[in-house]
Protein chains: 2
Amino acid sequence: METLDEIDKSILRELQKNAKITTKELASKLNLTISPVYERIKRLENMKFIKEYVAILDKNLVNKPFTSYCQVSMRYHEEYIDKFEEEILKLDEVQECYHIAGQIDFLLKINVGSIDEYHDFIRYKLSKINNIGLLNSAFVLKEIKKTYAYNI
Amino acid sequence: METLDEIDKSILRELQKNAKITTKELASKLNLTISPVYERIKRLENMKFIKEYVAILDKNLVNKPFTSYCQVSMRYHEEYIDKFEEEILKLDEVQECYHIAGQIDFLLKINVGSIDEYHDFIRYKLSKINNIGLLNSAFVLKEIKKTYAYNI
DNA sequence: TTTATATTGGTAAATTTTTCTGTAAAAGTT
DNA sequence: AACTTTTACAGAAAAATTTACCAATATAAA
């Protein structure tokens, strides 16, 4: 982070908002020419400050309107965690999975097309993983805020 | 969704993985020429299937390595919810906020630079919002899986 | 079958990306 | 202080991509 000056940070701020901005536009915003902006972007990519560029889809339009956070605890902790993580990676419905501190072991974000699909996911996919103890679902009623940008 | 054929879905799948892919490359993958692929992308943008293109940064490199999920319940439900949501939108540390079903009202994803910063956030920013009842934090120990792509 | 509509392929202009060269300022060395 | 090295920027040219346009083809509807 200390290798980033204010110009770099401005570039990252813009690209977090809009990855499709042209170097020319960005240069104009920063009162620079194309060259330095272009080189800085390449440097930020090479140094992996920028991990990837992605298109964000409308989950309702692509028929994945149903979101749930699912808390999972393992019955015999240590020995089955690796296996659980392995299985989770294979499940397309799992958008995110975190190992968290506290009584619960894992927090999963699940995205599917309907409650029925969610039921099937829990019943026939998640529950099939060995040694799951507790399993608790919290349905998302409304997305109040969601941003992909860090406040740098 | 019914307005999307298999070609559209393939395009969306690719753009979710890599927004910087050129029309030429994409056309080659789909065994089409540039024109139809270009027009389809524009159509998907206009129809808002694609909401935005963003750069994803490395949270460790930009000094936001600490993530926590924070459960919030309101003391007097109905009347203070709007105000709470309003205040949440102003807080840069809040990456995501969902109104969820169940005992807890809101689930927040918080991203900061350190535990100290997290403490300050809870103590001096989140707690300052009126009529919060319960407040519970679950620290993320490890990110097992995180994808921005829907399985379409 | 005919008409209308949508989709594709091909081409060319406009724009952007990428590379290259030169200059100036800053930092480090003798 | 003089010299080298490094770094950041500007400008321009080359390469590649985006964008707009038109004709040809396929698809659906009348």
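As the structure is a computational prediction, the values presented were derived from the model and not from experiment. Residue numbers begin at 1 in each chain, while the letters A, B, ... track the order of the sequences.
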Quiz item: Considering only side-chain heavy atoms of T22(A), which listed nucleotide, dT17(D), dT16(C), dC20(C), is closest?
Solution: dT16(C)
Quiz prompt | Given DNA chain C, 5'-ward residue of the pair N31(B) and I34(A), judged by closest heavy atom | solution = N31(B)
Quiz prompt | Carboxylate-amine/guanidinium proximity below 4.0 Å for E25(A) and K29(A) | solution = no
Quiz item: Where do Y98(B) and Y69(A) land on the ring pair (Phe, Tyr, Trp, His ring centres under 6.0 Å) test, with the steps shown first?
Solution: CA-CA 10 Å; Y98(B) 305 96; Y69(A) 275 91; 5.6 Å; yes
Quiz item: Which of these nucleotides, dT8(C), dT18(C), dA8(D), is closest to any side-chain atom of R40(A)?
Solution: dA8(D)
Quiz item: dA10(D) phosphate, OP1 or OP2: any side-chain N/O from Y38(A) under 4.0 angstrom?
Solution: no
Exercise. Give T23(A) one of three labels, base, sugar-phosphate or nothing, depending on what nucleic acid heavy atoms sit under 4.0 Å from its own.
Key: sugar-phosphate
Quiz item: To the nearest Å, how far apart are L4(A) CG and dA8(D) C1'?
Solution: 16 Å
Self-check item: Atom-to-atom span, CZ of R43(A) to P of dC9(D) - whole angstrom
Solution: 10 Å
Exercise. Return no unless some side-chain N or O of K24(B) is found under 4.0 Å from OP1 or OP2 of dA16(D).
Key: no
Exercise. Give the rounded distance in Å between these two atoms: NZ of K42(B) and P of dT8(C).
Key: 17 Å
Practice problem: Check K142(B), K145(B), K109(B) against E96(A) for a salt bridge (charged side-chain N to carboxylate O under 4.0 Å, His left out) and give me the one that passes. | Solution: K109(B)
Exercise. Would you mind reading off the distance between D5(A) atom CG and dA26(C) atom P, rounded to a whole angstrom?
Key: 15 Å
Quiz item: Under 4.0 angstrom, heavy atoms only, what part of the nucleic acid is T33(B) near: base, sugar-phosphate, or nothing?
Solution: base
Exercise. Rounded to the nearest angstrom, tell me the gap between atom CD in E45(B) and atom C1' in dT18(D).
Key: 12 Å
Self-check item: Salt bridge R40(A)-D5(A), side-chain N to carboxylate O under 4.0 Å
Solution: yes
Exercise. Take the protein atom CD of E39(B) and the nucleotide atom C1' of dT5(C), then report the distance between them rounded to whole Å.
Key: 14 Å
Self-check item: Side-chain donor/acceptor contact of S35(B) with base of dG10(C) under 3.5 Å
Solution: yes
Quiz item: Does the S10(A) side chain pair with the main chain of E6(A), one donor and one acceptor, at a distance under 3.5 Å?
Solution: yes
Quiz item: With a non-hydrogen cut-off below 4.0 angstrom, is L32(A) in contact with a base, only sugar-phosphate, or nothing?
Solution: sugar-phosphate
Quiz item: How many Å lie between CG on L15(A) and P on dT17(C), as a whole number?
Solution: 11 Å
Quiz item: How is I7(B) classified with respect to the nucleic acid when contacts are heavy atoms under 4.0 Å: base, sugar-phosphate, or nothing?
Solution: sugar-phosphate
